[in-house]
Amino acid sequence: MNSDAAIDIAIIGGGIIGICAAALLAEAGRDVTVFDRTGICEETSSGNAAAFAFSDVLPLAHKGMIRQLPKWLADPLGPLSIPPAYLPKLLPWLIRFWRAGAPEKYEASLTTQAGMMKLAEAEWMGLLDRSGTRSMLREDGSLELYESEGEFQAGLSGWAARERFGIGFRHVEGKDLATLQPGLSPRFVKGTFVPGWKTVADPKLLGKAVWAYAQSKGARFQTARIDRVAADQDGATLTLADGSTRRARRLVIAAGAWSHLLARQLGDRIPLETERGYNTTLPTSAFEVKRMLIFSGHGFVITPLETGLRVGGAVELGGIERPPNYARSKALLRKAQKFLPGLDPSGGREWMGFRPSLPDSVPVIGKAQGSRPVVYAFGHGHLGLTQAAATGRLIRGLVLGQTPPVDLAPFSPQRF
């Protein structure tokens with residue numbers, strides 16, 4: 001590509017957010033080029049838990065998580081860990097996270113997420129149909145599990161909040177629980193079944209299939225690491241790792257956990273932190289799991305995929321530079337063996353990915369400060385796959401000057 005030729009729309013980030021934006025913009029007839037240092041859905045979007053978590057409307061900073069923090073932090077391999085050396089850098093984010101749990105902020109975040117999820121489900125169903133990928137959708141529901149009556153009772157306020165937004169569920173125990181998932185450890189006394197919860201056959205394969213559809217509409221891809229960005233009223237300049245530059249009329253920054261570093265170059269200081277998530281994908285023969293199992297008290301899930309059984313989750317707030325600590329994925333696997341006593345733990349593939357997370361659990365979707373040709377689409381935390389098609393719709397609207405289907409004020413990059 002001639003470095004002097006202006007690109008119509010450049011997207012930095014070949015993860016699920018970037019390619020959904022590319023697909024919707026390409027559908028609208030725009031000329032789109034996606035830049036990524038590795039490939040399409042090769043990093044965080046490849047190893048997630050494969051959930052379309054449209055019912056997951058509760059902000060992370062809700063009271064239950066704040067209450068659990070001391071217990072979780074006491075266990076270095078528990079649901080949440082913070083490497084001690086990283087704590088000073090993390091402290092400002094933790095203070096913002098704690099403040100986001102205030103009742104009035106919680107309610108605002110909850111309402112924003114519920115609206116976003118309604119849009120996400122509608123947009124994903126449409127995109128799956130248009131891209132010919134509906135066969136990758138699984139509609140088996142999810143089963144959240146509790147080890148005590150106290151743990152079950154502690155979660156009821158969250159279910160009441162979901163019920164306000166029309167999210168269906170039913171609490172189960174005894175035979176009903178065993179029918180929904182045979183072979184569970186008897187330590188689980190109750191569960192909550194969410195029939196509307198959906199998963200995908202494999203998130204990496206879905207992402208690549210959506211990209212193939214975007215390509216069929218004219219979208220292009222270039223393998224490149226973008227080191228610097230600059231913008232004026234007429235467009236943006238991208239400086240690649242090899243020193244060459246690209247000029248774009250419009251720029252979308254959807255680079256996940258690295259996005260805030262690029263946003264800072266444009267004058268926006270966005271408090272993004274990285275939740276490092278771990279998993280192990282076992283062979284499909286490891287255990288017959290009927291639907292996604294959610295162990296909220298332990299911060300992980302088990303998802304049956306077309307390509308294996310994925311055991312993963314947990315949060316390590318440790319930035320993007322520390323090497324992976326795979327003792328965490330091994331600890332999750334040991335717990336999974338206790339919870340599913342017949343599970344075969346052999347032959348697994350370990351993985352670690354970066355969840356780009358903001359203190360209020362609401363992503364940044366909006367225009368850069370003083371740089372009208374640049375828009376941001378990042379900070380989705382655990383919900384990148386779930387909210388990708390909705391984000392693509394909102395980004396298309398921002399680029400094309402259309403009226404958004406939801407209020408964009410809560411997503412503002414300047415809200416911090």
Side-chain angles (χ1 to χ4, degrees), residues 16-18 20-21 24 52-63 65-66 92-124 158 161-162 164-167 252-257 259-260 263-264 266-273 275 355-372 374-416:
I16 194 66
I17 301 293
C20 281
L24 270 74
F52 278 159
F54 303 124
S55 63
D56 195 4
V57 296
L58 300 181
L60 276 182
H62 63 79
K63 293 176 184 176
M65 183 165 181
I66 295 291
W93 187 93
L94 284 175
I95 292 169
R96 287 177 183 269
F97 178 77
W98 175 70
R99 286 176 178 162
E104 68 278 7
K105 292 185 178 179
Y106 166 80
E107 189 63 33
S109 291
L110 177 65
T111 303
T112 297
Q113 285 287 49
M116 183 65 164
M117 290 303 195
K118 190 173 181 180
L119 178 65
E121 184 163 13
E123 288 296 327
W124 257 124
R162 293 179 181 93
R164 280 167 42 207
F165 292 99
I167 294 165
V252 180
I253 295 180
S259 299
H260 65 303
R264 190 178 301 165
L266 298 169
D268 285 301
R269 299 188 70 85
I270 296 170
L272 183 143
E273 259 303 333
E275 296 181 44
R355 305 184 193 101
S357 298
L358 293 164
D360 57 4
S361 301
V362 176
V364 159
I365 303 170
K367 294 179 179 179
Q369 181 177 320
S371 301
R372 292 186 62 80
V374 182
V375 293
Y376 299 139
F378 61 84
H380 295 75
H382 298 245
L383 300 169
L385 175 64
T386 301
Q387 296 183 342
T391 302
R393 167 74 185 278
L394 295 175
I395 291 300
R396 184 182 71 186
L398 281 165
V399 170
L400 302 184
Q402 299 167 338
T403 303
V406 296
D407 179 14
L408 285 179
F411 303 92
S412 170
Q414 288 78 42
R415 70 182 186 269
F416 305 103

In sequence, state the C-alpha distance, the side-chain angles, and the governing distance for M117 and I167, and then conclude on side chain to side chain contact (heavy atoms under 4.5 Å, CB included).
CA-CA 11 Å; M117 290 303 195; I167 294 165; over 6 Å; no
Given S259, which of V364, I253, I270 fulfils the side-chain contact (heavy atoms from CB on, under 4.5 Å) condition?
I253
With a 6.0 Å cut-off (strictly less than), is the heavy-atom count around CZ of R99, excluding the residue itself, greater than 12?
no
Has the side chain of D268 got a donor or acceptor atom that lies under 3.5 Å from a matching backbone atom of Q369?
yes
Intermediate values then yes/no, side chain to side chain contact (heavy atoms under 4.5 Å, CB included), L398 and V252
CA-CA 10 Å; L398 281 165; V252 180; over 6 Å; no
To the closest 0.5 Å, what do you measure between CG (L272) and OH (Y376)?
12.0 Å
Let me check something: any side-chain donor-acceptor pairs from residues 399-413 under 3.5 Å, sequence neighbours excluded? List them with distances.
unit_1: D407; atom_1: OD1; unit_2: A409; atom_2: N; d: 3.0
unit_1: S412; atom_1: OG; unit_2: Q414; atom_2: N; d: 3.1

Approximate separation, where rounding is to 0.5 Å, of E121 CD and T386 OG1:
10.5 Å
Side chain to side chain contact (heavy atoms under 4.5 Å, CB included) for F416 and R96? Distances and angles first, verdict last.
CA-CA 10 Å; F416 305 103; R96 287 177 183 269; 3.9 Å; yes
Applied to residues 390-401, the side-chain hydrogen bond (donor to acceptor under 3.5 Å, both in side chains) test, sequence neighbours excluded, yields E123-R393, H380-T391
Any side-chain heavy-atom pair of D56 and H382 under 4.5 Å
no
Closest non-hydrogen atoms of L24 and G392, given as atom of the first, atom of the second and distance, are CD2-C, 3.8 Å
Reported OG-to-CH2 distance for the pair S357 and W93, which is rounded to 0.5 angstrom
6.0 Å
To the nearest 0.5 Å, how far apart are CG in L383 and CZ in R355?
10.0 Å
Nearest heavy-atom pair of Y106 and A161: which atoms, and what distance?
OH-CB, 4.1 Å
On a heavy-atom basis, which atom in P356 and which in G256 lie closest, and how many Å separate them?
CB-C, 3.6 Å
Report the distance from atom CD1 of I17 to atom CZ of F378, rounding to the nearest 0.5 Å.
11.5 Å
Name each donor-acceptor pair under 3.5 Å that joins a side chain in residues 108-116 to protein atoms two or more places apart or in another chain, with its distance.
unit_1: S109; atom_1: OG; unit_2: K105; atom_2: O; d: 3.3
unit_1: T111; atom_1: OG1; unit_2: E107; atom_2: O; d: 3.0
unit_1: T112; atom_1: OG1; unit_2: A108; atom_2: O; d: 3.0
unit_1: Q113; atom_1: OE1; unit_2: Q387; atom_2: NE2; d: 2.9
unit_1: Q113; atom_1: NE2; unit_2: S361; atom_2: O; d: 2.8

Closest approach of P359 and A100, non-hydrogen atoms and distance?
O-CB, 3.5 Å
CG (L385) and SG (C20) are apart, to the nearest 0.5 Å, by 8.0 Å
Heavy atoms from other residues, nucleotides or ligands near CZ of R164 exceed 12 (cutoff 6.0 Å)
yes
